[in-house]
2 protein chains.
Amino acid sequence: MPKQKRDAEATKAKIIKNAMILFSQNGYDATTADDIATACGVNKAMIFYYYKNKAGLYEAVMSEALSAIHTEVITSEKCCVSPLADLEAFIRTYASYCEQNPYLPSLLLRELSNSGTHLPEMMFSSMRQLFTLLSEILTAGQKQGIFQNAQPMIIYFMIVGTMNLMITTKPLRLKAAQLQEELDTCSDCSMEEIADYIFTKTKLMLEVKNETSTTCA
Amino acid sequence: MPKQKRDAEATKAKIIKNAMILFSQNGYDATTADDIATACGVNKAMIFYYYKNKAGLYEAVMSEALSAIHTEVITSEKCCVSPLADLEAFIRTYASYCEQNPYLPSLLLRELSNSGTHLPEMMFSSMRQLFTLLSEILTAGQKQGIFQNAQPMIIYFMIVGTMNLMITTKPLRLKAAQLQEELDTCSDCSMEEIADYIFTKTKLMLEVKNETSTTCA
DNA sequence: TCTATAATTAACTCACCAGTTAGTTAATTA
DNA sequence: TAATTAACTAACTGGTGAGTTAATTATAGA
């Protein structure tokens with residue numbers, strides 16, 4: 001069954017994949033069904049055949065992207081027991097996932113900048129779950145007296161929002177750095193370095209006493 | 001001259017104002033020239049008469065919004081001499097400006113999530129200037145040994161990006177808090193409180209030794 | 001091998017929207 | 001006050017994009 005002339009799953013996947021890329025590059029409105037169809041060498045009608053309408057496709061795309069990252073963070077986050085280690089795992093996993101799937105950040109930011117006006121319920125709850133996760137890590141740490149004065153929402157945006165922005169603005173930052181040499185836009189920072197820096201700064205923000213080695217297995 | 005039947009400046013201003021609101025609420029593509037025209041009770045043709053095309057109008061809107069915030073931050077930032085006071089002024093001014101002009105954050109975020117694909121040159125340089133400002137404050141502080149290990153780009157996003165996100169997500173955060181009571185989404189934090197919190201955390205991040213009163217005149 | 005069904009396609013429709021145009025009315029100036 | 005210009009309008013156009021439809025082809029099961 002390696003190659004078939006007809007393979008529903010394969011075409012569905014092709015559509016999702018290309019739609020994700022195009023949506024994240026050009027936004028929802030500026031991406032046409034024809035664009036997506038030609039991008040994956042599939043007849044436009046197939047999009048409507050499988051996903052009913054454009055909004056349905058969009059929802060499917062976001063669902064895919066969000067559930068993927070959610071399980072990734074959830075599963076890898078179990079690695080250690082201390083809140084500090086969990087925090088580190090959270091940041092690192094999110095960073096590495098986003099690096100491998102650079103479409104997600106711009107999709108998320110766009111959605112947030114819409115203030116979720118047309119945000120489908122599923123997406124909303126998925127985003128909430130990710131926040132809840134960090135929120136729980138923070139309250140746990142606070143109860144154990146490891147973290148001080150953690151407003152979860154603001155901390156969440158300082159971590160996740162900043163990583164999202166660093167990814168989506170990469171080309172912009174490069175351009176700015178070329179135009180104005182004395183400007184340090186972190187234009188060739190790797191995502192790992194960024195995650196590292198953010199983790200260090202988050203520890204300072206939360207006034208974590210002292211590093212009793214936090215590296216995971 | 002209080003009321004004229006014809007007032008070019010007034011209609012131009014009306015168009016900009018309503019366009020700004022609609023663009024920030026619905027995005028560029030989803031906002032039609034007809035929408036804007038009816039919103040300000042002006043004939044659609046006037047939009048093209050004054051701004052040539054939709055892109056021209058958009059550029060004018062962004063130019064307006066950005067130059068306003070830029071001068072606001074620039075002028076009020078002069079208040080003190082120390083980098084720490086300047087940092088505080090930067091954060092506070094940005095916060096209060098955004099609160100009064102809640103359109104800007106969503107416009108900015110949308111633009112950033114586009115990775116500046118259609119970003120007009122003027123806007124790009126305007127955004128750069130704001131970043132340059134913070135960048136200079138940080139390097140000054142670092143030279144004086146007040147700030148430690150400041151990566152300007154990341155710090156910038158942790159401050160400005162977070163404030164932008166807190167503003168645009170306000171309705172979303174409210175909804176999430178209502179659905180899930182135990183979740184603290186900072187849903188009734190004022191912008192002042194948020195700015196305060198961010199400033200406090202930024203000081204920790206930059207390892208500022210100790211507060212020798214930073215309030216401005 | 002025949003048949004039912006799922007996958008796929010080309011060629012449409014219809015609504016909507018950016019931008020135009022030709023003409024009208026108010027203000028300005030000579 | 002006549003003429004010129006600037007502000008404004010109603011009605012149009014052309015293109016585009018979401019979604020449909022009716023027909024066609026592959027595939028699996030009996």
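Bear in mind the structure is a predicted one, so any value in this text is a computation, not a measurement. Every chain is numbered from 1 and lettered A, B, ... according to where its sequence line falls, protein lines coming before strand lines.
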Peer 1: What integer distance in Å separates B:Leu22:CG from C:dC17:P?
Peer 2: 13 Å
Peer 1: Please state how far atom CD in B:Glu9 lies from atom P in D:dC8, giving the value in whole angstrom units.
Peer 2: 10 Å
Peer 1: Check whether any side-chain N or O of B:Asn101 sits under 3.5 Å from a backbone N or O of B:Tyr97 as a donor-acceptor pair, and report yes or no.
Peer 2: yes
Peer 1: For D:dA7, does either OP1 or OP2 sit under 4.0 Å from a side-chain N or O belonging to B:Thr11?
Peer 2: no
Peer 1: Rounded to whole Å, how long is the line connecting atom CZ of B:Phe48 with atom P of C:dG19?
Peer 2: 5 Å
Peer 1: Students often get this wrong, so: under 4.0 angstrom with heavy atoms, is A:Ala33 touching a base, only sugar-phosphate, or nothing?
Peer 2: sugar-phosphate
Peer 1: Hey, which sits more toward the 5' end of DNA chain C by its nearest nucleotide, A:Lys44 or B:Lys52?
Peer 2: A:Lys44
Peer 1: Taking atom CD of A:Glu192 as the centre, report whether more than 12 heavy atoms of other residues, nucleotides or ligands fall under 6.0 Å from it.
Peer 2: no
Peer 1: Whether A:Asn43 contacts C:dA10 is assessed here as follows: a side-chain N or O lying under 4.0 Å from the phosphate OP1 or OP2. Is that the case?
Peer 2: yes
Peer 1: Rounded to the nearest angstrom, tell me the gap between atom NZ in B:Lys14 and atom C1' in D:dA7.
Peer 2: 12 Å
Peer 1: Using whole Å, report how far NZ of B:Lys12 lies from P of D:dA6.
Peer 2: 12 Å
Peer 1: With hydrogens left out and only the distance checked, is there a donor-acceptor pair under 3.5 Å joining A:Lys54's side chain and the base of D:dG17?
Peer 2: no
Peer 1: Could you go through the side chain to side chain contact (heavy atoms under 4.5 Å, CB included) check for A:Ile194 and A:Ile167 one step at a time?
Peer 2: CA-CA 10 Å; A:Ile194 293 170; A:Ile167 288 173; over 6 Å; no
Peer 1: Go nucleotide by nucleotide along DNA chain C from the 5' end; which of B:Asp34 and B:Arg6 gets its closest nucleotide reached first?
Peer 2: B:Asp34
Peer 1: Using Watson-Crick or G-U wobble geometry with both distances under 3.5 Å, which nucleotide pairs with C:dC2?
Peer 2: D:dG29
Peer 1: List the steps, then state whether side chain to side chain contact (heavy atoms under 4.5 Å, CB included) holds for A:Phe131 with B:Arg173.
Peer 2: CA-CA 11 Å; A:Phe131 167 61; B:Arg173 276 159 37 221; over 6 Å; no
Peer 1: Is the phosphate of C:dT8, meaning OP1 or OP2, less than 4.0 Å from a side-chain N or O of A:Tyr50?
Peer 2: yes
Peer 1: Relative to each other, are the rings of A:Tyr28 and A:Phe23 parallel, tilted or perpendicular (30° and 60° limits)?
Peer 2: parallel
Peer 1: Could you state the CD1-P distance from A:Ile47 to C:dT9, rounded to the nearest angstrom?
Peer 2: 11 Å
Peer 1: Measure from the side-chain heavy atoms of B:Met46 and tell me the nearest of C:dT21, D:dC8, D:dT21.
Peer 2: D:dC8
Peer 1: What is the base-pairing partner of C:dA30, counting Watson-Crick and G-U wobble geometry with both distances under 3.5 Å?
Peer 2: D:dT1
Peer 1: Rounded off to whole Å, could you give me the CG-to-P distance for the B:Asn53 and C:dC17 pair?
Peer 2: 17 Å
Peer 1: Contact class for B:Tyr51 vs. all strands (heavy atom < 4.0 Å): base, sugar-phosphate, or nothing?
Peer 2: nothing
Peer 1: Applying a 4.0 Å non-hydrogen cut-off, can you work out what A:Ala8 is touching in the nucleic acid: base, sugar-phosphate, or nothing?
Peer 2: sugar-phosphate
Peer 1: State whether the side chain of B:Gln151 and the backbone N or O of B:Met153 hold a donor-acceptor pair below 3.5 Å, judged by distance alone.
Peer 2: yes
Peer 1: Between atom CG in B:Asp7 and atom P in C:dA27, what is the gap in whole Å?
Peer 2: 10 Å
Peer 1: Side-chain N or O of B:Tyr49 less than 4.0 angstrom from OP1 or OP2 on D:dA7?
Peer 2: yes
